[in-house]
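Since we're looking at a predicted model, the values are computed, not measured. The basis for the numbers below is simple: all heavy atoms, side chains too, and nothing from hydrogens, waters or symmetry mates. Quick note on labels: first sequence line is chain A, next is B, and so on, each numbered from 1.
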Amino acid sequence: MGLITSVRGFKDILPDETGRWRHVENTARRIFSSFGLREIRIPILEKTELFSRGIGDTTDIVEKEMYTFEDRGGDSLTLRPEATASIVRAYLEHHLHQHETVSKFYTMGPMFRRERPQKGRYRQFHQINVEIFGSADPRTDAELLLMLVLFLGELGLPGLQLEINSLGCPACRPVFKERVIAFLDAGRDDLCADCRRRLDTNPLRVFDCKNEGCRRLVVKAPVILDSLCDECAAHFADLKRYLEALDVPFVVNGGMVRGLDYYRRTAFEVTTTALGAQNAVAGGGRYDGLTEQLGGPDIPGIGFAIGVERLISLLPADEDFAERPLLYIAALGNEAADFAYLLSCSLKKHGIRTEMDFDDRGLKSRMKRADKLGCRFTLIIGDDELARKEAPLRDMIEGGQRTVTLTDPAELALELGRYAANELPAARHGNNNDNQ
RNA sequence: GUGGGUGUAGCUCAGUUGGUUAGAGUGCCGGGUUGUGGCCCCGGAGGUCGAGGGUUCAAAUCCCUUCACUCACCCCA
């Protein structure tokens with residue numbers, strides 16, 4: 001076919017779906033706002049260096065899986081693969097840390113990764129991000145998690161579970177890492193080929209392997225929680241205490257790791273039993289070293305990201321987010337149609353969503369249209385109604401009809417609003433042979 | 001990047017060992033009441049069978065190439 005299609009891995013979000021998106025976004029705004037977060041909007045394009053320095057150019061993440069290209073000026077630019085680095089950049093660039101000791105941000109929008117598309121992983125995908133700077137206090141961690149769980153619960157997601165872990169800090173994590181590597185290396189023969197490679201590139205990833213042999217080995221491996229320094233252990237203990245006090249259910253998952261080095265202490269994921277292997281809905285953690293790594297002062301930070309596509313796929317299916325017209329005007333004949341057209345525009349100016357069609361068809365076809373559009377009311381205007389300046393208004397839900405006058409659009413708009421809100425008595429039934 | 005699966009009507013899919021005019025459901029349009037929707041009944045429109053090439057008297061069907069979609073692997077910020 002000769003049609004131009006969208007770019008691979010990029011998806012249109014059609015009007016039938018956008019209602020769900022807005023519901024998610026509005027809910028996020030409302031809840032985040034009550035926790036004192038403020039919205040920040042950042043560019044989708046950044047200098048590649050921001051991500052390579054933030055994420056660490058150790059792996060092929062940077063080289064292979066980012067949307068990177070060269071600008072005409074010769075700069076290497078990258079479509080943001082995540083939001084945290086950009087938010088940190090904006091935070092430092094505008095010296096926001098000098099305006100307030102604690103800054104709380106949220107943002108939402110598209111991210112880009114040049115991976116092969118698969119279920120729930122597109123090249124353009126969407127995240128809701130939250131970042132809090134300036135507090136290393138475990139109460140901040142707990143409050144953040146409370147907010148996250150509240151948000152997901154508010155959306156009605158089933159089977160949610162919060163998993164937490166501590167990843168230690170530069171004082172204790174390297175020690176642990178050494179011990180793990182030594183342990184895994186000793187059992188190298190039991191590892192799968194992938195994990196033997198990971199041992200050199202990213203040893204902690206072995207914990208995520210699904211392979212039988214690897215799993216058996218991993219369960220006997222040293223646990224980070226046993227290796228925490230006193231400060232990290234205290235932080236984690238406080239976090240758990242506050243979560244309990246806040247009635248936020250959680251489980252400790254000592255095997256949860258993060259690939260990136262800048263993560264410190266608290267790491268968490270929210271999973272759902274409603275999905276298969278890819279069950280993480282949200283994830284995040286504390287990244288106290290990141291601001292310094294990006295050239296700023298040492299400011300503690302913690303945040304999370306929520307995958308919106310996955311979230312939306314989990315929304316209860318029976319919820320209906322469609323926005324329906326309030327009124328359909330069925331006009332019969334040219335004169336009536338002209339009058340109806342002007343009336344419909346007047347009503348729209350008064351905030352009444354009104355639909356009509358311009359092609360000349362029978363009333364039955366009009367009624368079907370009104371039904372199809374899900375209109376609450378249908379106003380029927382023919383020559384008689386035009387002459388009398390009053391017309392039958394049919395309630396498409398209850399089936400009854402009442403007579404309304406057509407002389408004053410403003411008055412009619414008010415009347416329709418009141419009918420819709422059921423502030424006026426129900427319409428009479430039996431105007432026609434329709435209510436058996 | 002590697003491997004598997006699938007491409008037929010707007011959508012979901014049938015289509016036999018290659019054989020005449022490619023089907024169903026749903027949706028769309030119309031009729032069943034010359035002015036009353038939903039349920040039901042009837043009718044209609046709608047397809048370069050993803051694209052290109054090959055084999056054959058004959059290809060949606062077999063072969064090759066390519067593209068797209070999809071699932072998994074790798075990786076996961």
Counterpart base for [N], defined by Watson-Crick or G-U wobble contacts under 3.5 Å:
N: B/C62; result: B/G54
N: B/U6; result: B/A68
N: B/U12; result: B/A24
N: B/G43; result: B/C29
N: B/G1; result: B/C73

In the structure I gave you, are the side-chain heavy atoms of A/Met111 and A/Arg80 within less than 4.5 Å of one another anywhere?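 Side chain of A/Met111 against side chain of A/Arg80, heavy atoms only: contact under 4.5 Å found.
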Could you check if a side-chain atom of A/Glu163 sits within less than 4.5 angstrom of a side-chain atom of A/Val252, using non-hydrogen atoms only?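 No; the side chains remain at least 4.5 Å from each other.
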Check whether any side-chain nitrogen or oxygen of A/Lys368 sits under 4.0 Å from OP1 or OP2 of B/G35, and answer yes or no. no
Using a cut-off of less than 4.0 Å, is there contact between a side-chain N or O of A/Arg116 and OP1 or OP2 of B/G1? no
Base, sugar-phosphate alone, or nothing: which one does [X] contact when heavy atoms must sit under 4.0 Å apart?
X: A/Glu385; answer: base
X: A/Thr378; answer: nothing
X: A/Arg366; answer: nothing

Taking [atom1] from [X] and [atom2] from [N], how many angstroms apart are they, rounded to a whole number?
X: A/Phe268; N: B/A77; atom1: CZ; atom2: P; answer: 13 Å
X: A/Leu167; N: B/A77; atom1: CG; atom2: P; answer: 11 Å
X: A/Glu82; N: B/C76; atom1: CD; atom2: C1'; answer: 12 Å
X: A/Asp16; N: B/G10; atom1: CG; atom2: C1'; answer: 13 Å
X: A/Met356; N: B/G37; atom1: CE; atom2: P; answer: 19 Å
X: A/Tyr67; N: B/C76; atom1: OH; atom2: C1'; answer: 17 Å
X: A/Lys364; N: B/U34; atom1: NZ; atom2: P; answer: 10 Å
X: A/Leu327; N: B/U36; atom1: CG; atom2: P; answer: 19 Å

Please state the [atom1] separation for the pair [N] and [M] - nearest whole angstrom.
N: B/A51; M: B/A68; atom1: C1'; answer: 10 Å
N: B/U8; M: B/G47; atom1: P; answer: 15 Å
N: B/G52; M: B/A9; atom1: P; answer: 16 Å
N: B/A59; M: B/C71; atom1: P; answer: 35 Å
N: B/U55; M: B/U65; atom1: C1'; answer: 15 Å
N: B/C62; M: B/U16; atom1: P; answer: 9 Å
N: B/G15; M: B/A60; atom1: P; answer: 16 Å
N: B/U34; M: B/G30; atom1: C1'; answer: 15 Å

Count the heavy atoms belonging to other residues, nucleotides or ligands that lie under 6.0 Å from CZ of A/Phe69, then report whether that count exceeds 12.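 Enclosed.
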Taking the minimum atom-to-atom distance to the side chain of [X], which one of [options] wins?
X: A/Glu115; options: B/C75, B/G37, B/G30; answer: B/C75
X: A/Glu65; options: B/G30, B/U36, B/A77; answer: B/A77
X: A/Arg394; options: B/G35, B/U36, B/U70; answer: B/U36
X: A/Lys11; options: B/G35, B/U70, B/A77; answer: B/U70
X: A/Arg113; options: B/G30, B/A77, B/G37; answer: B/A77
X: A/Arg361; options: B/C29, B/C69, B/U36; answer: B/C29
X: A/Pro81; options: B/U70, B/A77, B/G35; answer: B/A77

One thing to verify: whether [Y] and [X] come together as a salt bridge, which I'm taking to mean a side-chain N less than 4.0 angstrom from a carboxylate O.
X: A/Glu323; Y: A/Arg22; value: yes
X: A/Asp383; Y: A/Arg388; value: no
X: A/Glu115; Y: A/Arg123; value: no

Toward the 5' end of RNA chain B, which comes first, A/Leu332 or A/Arg369, by nearest nucleotide? A/Arg369
Residue mapping more 5' on RNA chain B - nearest nucleotide basis, A/Met367 or A/Ser6: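 On the 5' side of the pair lies A/Met367.
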Between A/Ile42 and A/Ala90, which heavy-atom pair has the shortest distance, and what is it?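 Heavy atoms only, the tightest pair is CG2-CB, 4.3 Å.
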To the nearest 0.5 Å, tell me how far A/Gln124 CD sits from A/Tyr67 OH.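 Answer for the CD-OH pair, A/Gln124 versus A/Tyr67, is 9.5 Å.
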